[in-house]
Amino acid sequence: MDGNEIVLSIKDLHKSFRKDDGGLVAIEDFNLDIMDGEFVCVLGPSGCGKTTLLRIIAGLEEPTSGKILLKNKEIAGPGSDRGMVFQEFGLFPWRSVRKNIEFGLEIRKIPKEERRTISDRYIDLVGLKGFETSHPNELSGGMKQRVGIARALANDPAILLMDEPFGALDAQTRNLMQKELLRIWSEMKKTVVFITHSVDEAVFVADRVVVMSARPGKIKSIFDVEWERPRDRSGVEFASLRKKILAELEIETVFNR
Amino acid sequence: MKSNAFDRLRKLLSRDSERGLMKSAAIVFVSLVVFVLVWWALSSIFPSEYFPSPYKVGVALVDSFQNPDPNTGVTMWQHMSKSLVRFLWGFALAFVIALPLGLLMGFSNIVENFGRPIVEVFRPIPPMAWAPFFFVIVGVYWGPVMPVLLGVFFPVLSNVVFGVKSVDPLLLDVAKTQGADRLTLFKKVILPSAIPYLMTGIRIGLGIGWMCIVAAEMIVAFGGGVGLYISVMSQVGKWDYMFAGMVVIAALGILTVEISGYIERRVSKWMGMK
């Protein structure tokens, strides 16, 4: 875990969608290497293709050209070596918290006792002790996403993909969940790719903020955030970096009007 | 957030608190009393042998259970059990065919495009229109089973197809990222998602099936049946006994729907959607 090893490598990625009125280029010339244990935020205006990028990494969509290497192996289709957390949680309503978390373990035919040990560990990690037998309809939004995170981690993936995971939560829960995620991240030492449209969120959590431009979605600039965590949202540094990134994004929106 | 079948089911089930249940039970009771009183009043104002009072029907009802009636030679118990056995056979056969077919049609476009036209040709034909044909093909004892089968088949089929197609695409994506292949998607995501829709299909099918069994037995049913009983009683002019038969049908119909409602609640509780 020295942070020098490349876990995920995105090479010359292109993605265009066929539409009736010609093609729409969603992603163009996208190159990015993500290091082991790194927390990378991809930030961009809506419609810039950031979710498409994550879905391609997850294997839910295929690139038009280019490739993605996970630990030097080209990815083909979805797999449990990449854990994905969705904005709308996507919990199975008929499964309890524990059974939701054990979903991937069941698929991989891991024996029951072992599944239980693993799910216990992640239930504990995300702070859901006592809710093992609850069903999603009994949980708040923040708790649902804790289940989502635990479920993604339970497969022990090489990388955690998060698609605006806190976008459906209220502002307060969102701030709390950002802190919780950082705590989990520092315990698990997982590589994270985190999609967001919130500059504040990106600066608060990320080691590196990748700002995308829209139509076509390209990398516009990359900001390293090397400060210690927990970060002070009200600090001067924080404000000035936020301002810089916001300026980048604004140029972006103006250009696309 | 879109409201899905689970949410609707949940709302439906959680609406009745204990006090609410007591209250609605009281109203149901009052409603039944009012119904019987109106019946009584009408039968006294317009006395007619074709329109017996609730008392006479009640007497006939008790008698029909206690003594075998001279025209069919058996008691109401036997008529009921014959009708129920036919009904259960029709229901079971329809279920066994409609469920897998519906799952396949919902899952595969090829199967759906192939099956849809055939289903649409048969759907508008009332199950009873088949009755004469089935009496010839499978005989007078099993004949009434077939209209039941058809009556149950279509609601179960359409609801299952709809249920499979209504599966949340997000849940499919989740399962894929968890390493699910097509078979696993089917077993662990599509099938459980379709269960509430299946239950709705069953509930509708039970109601239709019950009407079919009685109607078909009225045409002909060898060896007894409540529909047969009603038809025979009207032919021999025992109107109070005919109405008693209708009361039995109503009671059995309510019973089947109540049982399916109970199963629906149990299933949703077991699935964690109570």
Side-chain angles (χ1 to χ4, degrees), chain A residues 51 54-61 75 77-110 132-139 141 144 147-148 150-157 159-163 168, chain B residues 1-17 103 159-160 163-200 263-274:
Chain A
T51 291
L54 202 70
R55 288 177 64 83
I56 294 172
I57 301 174
L60 294 172
E61 267 169 58
I75 62 153
S80 59
D81 50 0
R82 286 144 287 154
M84 179 120 169
V85 178
F86 295 82
Q87 179 175 6
E88 297 291 345
F89 321 128
L91 303 185
F92 302 106
W94 55 87
R95 284 177 166 253
S96 65
V97 166
R98 181 188 297 285
K99 297 285 266 177
N100 261 289
I101 294 170
E102 289 181 0
F103 186 84
L105 306 172
E106 271 176 34
I107 292 174
R108 280 159 49 209
K109 305 218 162 30
I110 289 170
E132 292 88 344
T133 57
S134 301
H135 280 80
N137 63 10
E138 300 165 301
L139 304 178
K144 282 181 188 161
V147 179
R151 179 175 62 185
L153 288 172
N155 288 320
D156 194 22
I159 190 164
L160 189 60
L161 309 173
M162 307 186 86
D163 185 14
Chain B
M1 276 280 180
K2 59 181 165 240
S3 91
N4 55 31
F6 300 123
D7 289 330
R8 269 185 278 126
L9 204 67
R10 207 164 56 224
K11 244 181 234 153
L12 215 69
L13 297 175
S14 64
R15 198 171 48 193
D16 294 290
S17 67
L103 291 173
N159 276 281
V160 170
V164 171
K165 287 187 177 294
S166 312
V167 60
D168 188 349
L170 173 63
L171 294 184
L172 292 176
D173 278 350
V174 168
K176 283 182 202 160
T177 63
Q178 292 271 323
D181 54 19
R182 250 171 95 82
L183 186 66
T184 312
L185 285 182
F186 189 75
K187 278 197 310 198
K188 289 189 189 278
V189 184
I190 293 171
L191 204 56
S193 295
I195 284 178
Y197 296 87
L198 169 68
M199 300 307 290
T200 306
I263 295 172
E264 200 169 339
R265 282 191 292 276
R266 282 304 294 264
V267 166
S268 57
K269 192 175 169 184
W270 165 68
M271 291 178 80
M273 293 170 289
K274 96 185 122 116

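By convention in this document, chain letters (A, B, ...) are assigned in the order of the sequence lines, proteins followed by strands, and residues within each chain are numbered from 1.
- Of the listed residues (A/Ala154, A/Ala152, A/Gly104), the one with the most heavy-atom contacts under 4.5 Å to chain B is A/Gly104.
- Within the 4.5 Å cutoff, no side-chain heavy atoms of A/Glu106 are placed close to those of B/Thr184.
- To the nearest 0.5 angstrom, A/Phe103 atom CZ is 9.0 Å from B/Leu171 atom CG.
- For A/Leu161, no part lies under 4.5 angstrom from a heavy atom of chain B.
- Considering only heavy atoms from C-beta on, B/Lys188 comes within 4.5 Å of A/Arg95 through its side chain.
- In this structure, OG on B/Ser193 lies 8.5 Å from CZ on A/Phe92, to the nearest 0.5 angstrom.
- Counting heavy atoms from C-beta outward, B/Val174 and A/Arg151 have side chains that approach closer than 4.5 Å.
- Heavy atoms from other residues, nucleotides or ligands lying under 6.0 Å from CZ of B/Arg266 number 12 at most.
- Put simply, CD1 on A/Ile107 and NZ on B/Lys176 are 12.5 Å apart, with the number rounded to the nearest 0.5 Å.
- Taking CD from B/Gln178 and CD1 from A/Ile101, the interatomic distance works out to 10.5 Å, rounded to the nearest 0.5 Å.
- Contact count against chain B (heavy-atom pairs under 4.5 Å) is highest for A/Ser80 among A/Ala168, A/Gly148, A/Ser80.
- Taking OG1 from B/Thr177 and CZ from A/Phe86, the interatomic distance works out to 4.5 Å, rounded to the nearest 0.5 Å.
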